[in-house]
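Just below is one structure, and these are the notes that go with it.
No hydrogens, no waters, no symmetry mates; every other heavy atom, side chains included, goes into these values. On a predicted model such as this, the values are computed, not experimentally measured, just so you know. Letters A, B, ... are given to chains in the order of the sequence lines, protein chains preceding strands, and every chain is numbered from 1.
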Protein chains: 2
Amino acid sequence: MAREPSKSNRSTAGDAAIRDDARVEHARAHCEARRLNFTPQRAAVYRTLLAFNSPVKAYDLLTRMQQDAPGMAPMTIYRALDFLIGAGLIHKIAATASFVPCAHEGAHAHGQVAFFVCQRCGAVDEVEAKDMIHALDRARPHGRGFAMQSIEVHGLCADCIAETSPAQR
Amino acid sequence: MAREPSKSNRSTAGDAAIRDDARVEHARAHCEARRLNFTPQRAAVYRTLLAFNSPVKAYDLLTRMQQDAPGMAPMTIYRALDFLIGAGLIHKIAATASFVPCAHEGAHAHGQVAFFVCQRCGAVDEVEAKDMIHALDRARPHGRGFAMQSIEVHGLCADCIAETSPAQR
DNA sequence: AGTAGCATTGTTATGTTGTCACGTTTCATA
DNA sequence: TATGAAACGTGACAACATAACAATGCTACT
């Protein structure tokens, strides 16, 4: 699943890098429009997160960034991640203590997004959740005043079900 | 987030202990019916978790249990918690890395429960979620084969909204 | 009774994730 | 240029979780 940074497949990797660069520029504009300070450090963390192309743990991000910036400390990563979450550019997945770029580049309201998290492989699928919110509100008998910010659905993705069921027979 | 509209807050620690004891016996029967080994150690961890009456972190549980059993190691706690989760007697709340007794004493199917988790105070409200599951299934455009096991809704509870909004005005 | 196999528990060490505290740098702007 | 807030560097540490292996005890079969 992980994309190797190998030198084969060069054109694909290059295309991905170009797409990531575009997303970084989009994020910069997003922050400028909100008077948020999209510093080089924050941009670098965001850029690195994009390159993984899958949910990333803070220390994996740190390890990767230390290749270019030896001595970088955990705090540096966590501060940048906090900023990016606040800006709506990334999300934290509690189930796996990992981070993913927002699939909508921050362009959704709070409480209108849901994550389907596979507990086996860690894959995350982010979907708009307006309809779900309504369904949840109706289905919930009490706790009326609860202000939803995100939903995590934990379970097994189709791929992992396919891989595990035969072994159990 | 009280589950029942109590007539008064006069319930004593003694009453609570008696209720907890009943729940431990219920859990014992639950396990025996499933040929699961509800050992004294596991019972003790469950009993201690019940006594907190709120979401508990593993190390808080450890600290408490070390009062009676000095030298108890983290492994011991985590093993018991794993067993209790497997037995359906408790749930893990990923958002706060904490554990709560199942509000239904294990009497619900997998994928039919949702947790409303307050990100400020950590309070957890567990509700049956059959209706939500259907709503989620309908609202979700892709990820057809996803097998839901639990839902965590993250946000702010009514109490915390009441406490924070005046300060923000 | 003997013993093989398994589940449970004990013990030590280690790995992983996240935060605190405090000092320094940067930079817009008054 | 002063100065104050935001951002950043750094080291220590707190909190959360598991690996690995030893010891114990149960139980099922001979």
Side-chain angles (χ1 to χ4, degrees), chain A residues 27-28 31-32 34-49 52 55-66 68-87 89-100 117 119-120 122, chain B residues 27-28 31-32 34-49 52 55-66 68-87 89-100 117 119-120 122 152 154:
Chain A
R28 189 184 313 284
C31 288
E32 278 169 7
R34 288 162 181 74
R35 314 210 176 173
L36 298 173
N37 199 353
F38 193 66
T39 65
Q41 181 110 255
R42 289 160 177 175
V45 170
Y46 182 58
R47 181 68 180 72
T48 306
L49 182 57
F52 273 85
V56 187
K57 295 182 172 263
Y59 273 66
D60 292 341
L61 203 49
L62 177 61
T63 301
R64 175 67 188 76
M65 294 197 73
Q66 281 175 337
D68 294 331
M72 176 174 280
M75 205 57 235
T76 304
I77 298 288
Y78 282 107
R79 283 201 276 236
L81 291 172
D82 281 348
F83 169 86
L84 294 168
I85 290 171
L89 290 167
I90 69 173
H91 300 289
K92 175 169 186 174
I93 307 300
T96 52
S98 60
F99 302 84
V100 289
V117 184
Q119 290 173 316
R120 183 165 172 273
Chain B
R28 190 184 311 285
C31 287
E32 279 169 5
R34 288 163 182 73
R35 320 222 165 158
L36 297 173
N37 197 353
F38 194 64
T39 65
Q41 180 109 258
R42 289 160 176 175
V45 169
Y46 183 57
R47 181 69 178 72
T48 306
L49 182 57
F52 272 86
V56 186
K57 295 182 173 261
Y59 273 66
D60 291 341
L61 204 48
L62 176 62
T63 302
R64 168 68 62 87
M65 295 199 71
Q66 281 174 337
D68 294 330
M72 176 173 279
M75 258 328 292
T76 305
I77 298 288
Y78 281 106
R79 283 201 275 233
L81 290 172
D82 281 348
F83 169 86
L84 295 168
I85 289 170
L89 290 167
I90 69 173
H91 299 289
K92 175 167 186 175
I93 306 300
T96 53
S98 59
F99 302 84
V100 290
V117 184
Q119 289 173 317
R120 184 166 172 272
E152 271 186 36
H154 304 156

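As rounded to whole Å, 14 Å separates atom P of D:dG11 from atom CE of A:M72. Note: CG (A:L62) to C1' (D:dG9) measures 13 Å, nearest angstrom. Here D:dC8 presents its C1' atom at 13 Å from CD1 of A:I77, a figure rounded to the nearest Å. Rounding to whole angstrom units, CZ of residue B:F38 and C1' of C:dT8 are separated by 15 Å. Put simply, CG on B:D82 is 14 Å from C1' on C:dT8, counting in whole angstrom units. B:D60 places its CG atom 15 Å from the C1' atom of D:dA17, with the value rounded to the nearest Å. Put simply, CG on B:L81 is 15 Å from C1' on D:dA15, counting in whole angstrom units. Going from atom CD of B:Q66 over to atom P of C:dG10 covers 13 Å, rounded to whole Å.
Between A:Y78 and the phosphate of C:dG18, there is a side-chain N or O to OP1/OP2 separation shorter than 4.0 Å. A sub-4.0 Å separation between OP1 or OP2 of C:dT17 and a side-chain N or O of A:K57 is present. Using a 4.0 Å cut-off, some side-chain N or O of A:T76 falls inside it from OP1 or OP2 of D:dG9. Contact between the side-chain N/O atoms of A:T39 and the OP1/OP2 oxygens of D:dA6 is not found at any separation under 4.0 Å. In this structure, A:R79 does not reach the C:dG18 phosphate: none of its side-chain N or O atoms is under 4.0 Å from OP1 or OP2.
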Show your working on side chain to side chain contact (heavy atoms under 4.5 Å, CB included) between A:M65 and A:Q41 and close with a plain yes or no. CA-CA 11 Å; A:M65 294 197 73; A:Q41 181 110 255; 5.6 Å; no
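Here B:Y59 packs flat against the base of D:dC16; its ring centre is closer than 5.5 angstrom to the base's six-membered ring, tilted by less than 30 degrees.
When each of C:dA21, D:dA17, C:dT8 is scored by its nearest atom to the side-chain atoms of B:R42, the top-ranked nucleotide is C:dT8. Closest approach to the B:M75 side chain among D:dT18, D:dA7, D:dG11 is made by D:dT18 (side chain taken as heavy atoms from C-beta onward). Closest approach to the A:A73 side chain among D:dT10, D:dC16, C:dT17 is made by D:dT10 (side chain taken as heavy atoms from C-beta onward).
When each of B:Q41 and B:P74 is assigned the nucleotide of DNA chain C with its nearest heavy atom, B:Q41 is the one assigned upstream, toward the 5' end. Nearer to the 5' terminus of DNA chain D, by closest-nucleotide assignment, is the contact made by A:F83 (compared with the other of A:P70 and A:F83).
Between B:F83 and B:F38, the angle of the ring planes lies from 30° to 60°, which puts this pair in the tilted group.
Annotation: cation-pi pair A:R64/A:F52 absent, no NZ/CZ under 6.0 Å from the ring centroid and within 45° of its normal.
Counting heavy atoms from C-beta outward, A:V45 and A:R79 have side chains that stay 4.5 Å or more apart.
To the nearest 0.5 Å, atoms CG (A:L81) and CG (A:L89) are separated by 11.5 Å.
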